[in-house]
2 protein chains.
Amino acid sequence: MLTRDKTAPLVEQFRRYLRDRRLPVTKQRIAVAEVLLGSEDHPSVDLLRQRLEAKGLHVGTATLYRTVDALVKSGLVLEHDFGDGFRRYEPSTPTVEHAHLVCRRCGGVVEFANERLARMLRMTADEHHFHYERDKVEIHGICAPCRARDLGSAG
Amino acid sequence: MLTRDKTAPLVEQFRRYLRDRRLPVTKQRIAVAEVLLGSEDHPSVDLLRQRLEAKGLHVGTATLYRTVDALVKSGLVLEHDFGDGFRRYEPSTPTVEHAHLVCRRCGGVVEFANERLARMLRMTADEHHFHYERDKVEIHGICAPCRARDLGSAG
DNA sequence: TTACGTGCAAAGGCTTTGCAGTCGG
DNA sequence: CCGACTGCAAAGCCTTTGCACGTAA
């Protein structure tokens, strides 16, 4: 399966991360890693739980949160807060800088990459003698499908 | 007092906003509006409560949250979530586009304006057939004073 | 074996809601 | 007067913590 091909090496990296600091590689941790690192969207902890459940895997809430934390600390996963009242996560693809288009109608998130934008932000940080660590760029509004739906029904 | 001069008209706008939709102009609402619209930083609800208390004004939690909501809906106040676990607010100054530099050491927030950045984001939204409503740009890292402190104590 | 993980349930922190009493217009 | 507001307290939601038991190495 093609998806497996992309996910497996990431899970392997997580295994290494755990081994390197002499932390046990448990089935729960691997289950969470596989589901999250194999996600192509921005799932919340609750959504991850649902996906695990769907695969017949039950992982306790605390373990789920703790494992997601570990994945974030390992650098393999990015944490987001789009203002939904909960956090969302995504596998981090270190080479591609990207920001998010967040639709307030359907809650959908589309990614976009922009080199110039990234450079501009680093420059700005420099200008303010601010040590850049990371940035967050979001555009909030209505996505194309939702716009079309609006036009279809109301206009 | 000079600060008063900037705040008063904003409070007046809020009064109008309330009157326009036949909502009561209560002393609590005006108290919250004065403190929030007069803030030059990004206070949380809890900080607003402290500032009100300091002025000898007690406003119930629910009322405080509801009034802040009203101020956000009126467009006079912007809501932020910098990932502290709570929301922060600031008077919106519609003419000045600005983004935030958030220090993860001291929690301080510095604003910066960037026309080009703003234009670029609108363009990006367009390219994705996304209806732009607002954006959120944050740079996270360590601010100059905290960097200096680090260098001073750690070498 | 032993340190760390796991799951459950309880606690926490911020925010919202329900309701009796109160007040602006 | 009436509809909306206020304050308190309780509930809600996501997340973290405490603890007895289990498991990777």
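Proteins get letters first, then strands, A, B, ... in listed order; numbering begins at 1 in each.
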Return the polar atom pairs (N/O with N/O) between nucleotides 14-16 of chain D and the protein under 3.5 Å, or none.
unit_1 : atom_1 : unit_2 : atom_2 : d
D:dT15 : OP1    : A:R87  : N      : 2.9
D:dT15 : OP2    : A:Y65  : OH     : 2.5
D:dT15 : O5'    : A:Y65  : OH     : 3.2

Round to a whole Å and report the spacing from [atom1] of [X] to [atom2] of [N].
X	N	atom1	atom2	result
B:F14	D:dC5	CZ	C1'	12 Å
A:D81	D:dC13	CG	C1'	14 Å
B:R66	D:dA4	CZ	P	14 Å

For [N], take OP1 and OP2 only and decide whether either is under 4.0 Å from a side-chain N or O of [X].
X	N	result
B:K27	C:dC23	no
A:R29	C:dT6	yes
A:Q28	C:dG7	yes
B:T26	C:dG24	no
B:T63	D:dG7	yes

Q: Look up atom CG in A:D84 and atom CG in B:D81, then write down how far apart they are to the nearest 0.5 Å.
A: 10.0 Å
Q.
Ring-plane angle category for A:H100 and A:H80, please: parallel below 30°, perpendicular beyond 60°, tilted otherwise.
A. perpendicular
Q.
By nearest heavy atom, map B:R22 and B:H58 onto DNA chain D; which one lands nearer the 5' end?
A.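 Closer to the 5' end of DNA chain D: B:R22.
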Q.
For a side-chain contact (heavy atoms from CB on, under 4.5 Å) check, start with the C-alpha distance between B:L121 and A:L117, then their side-chain angles and the critical distance, and finish with the verdict.
A. CA-CA 9 Å; B:L121 292 176; A:L117 185 66; 4.2 Å; yes
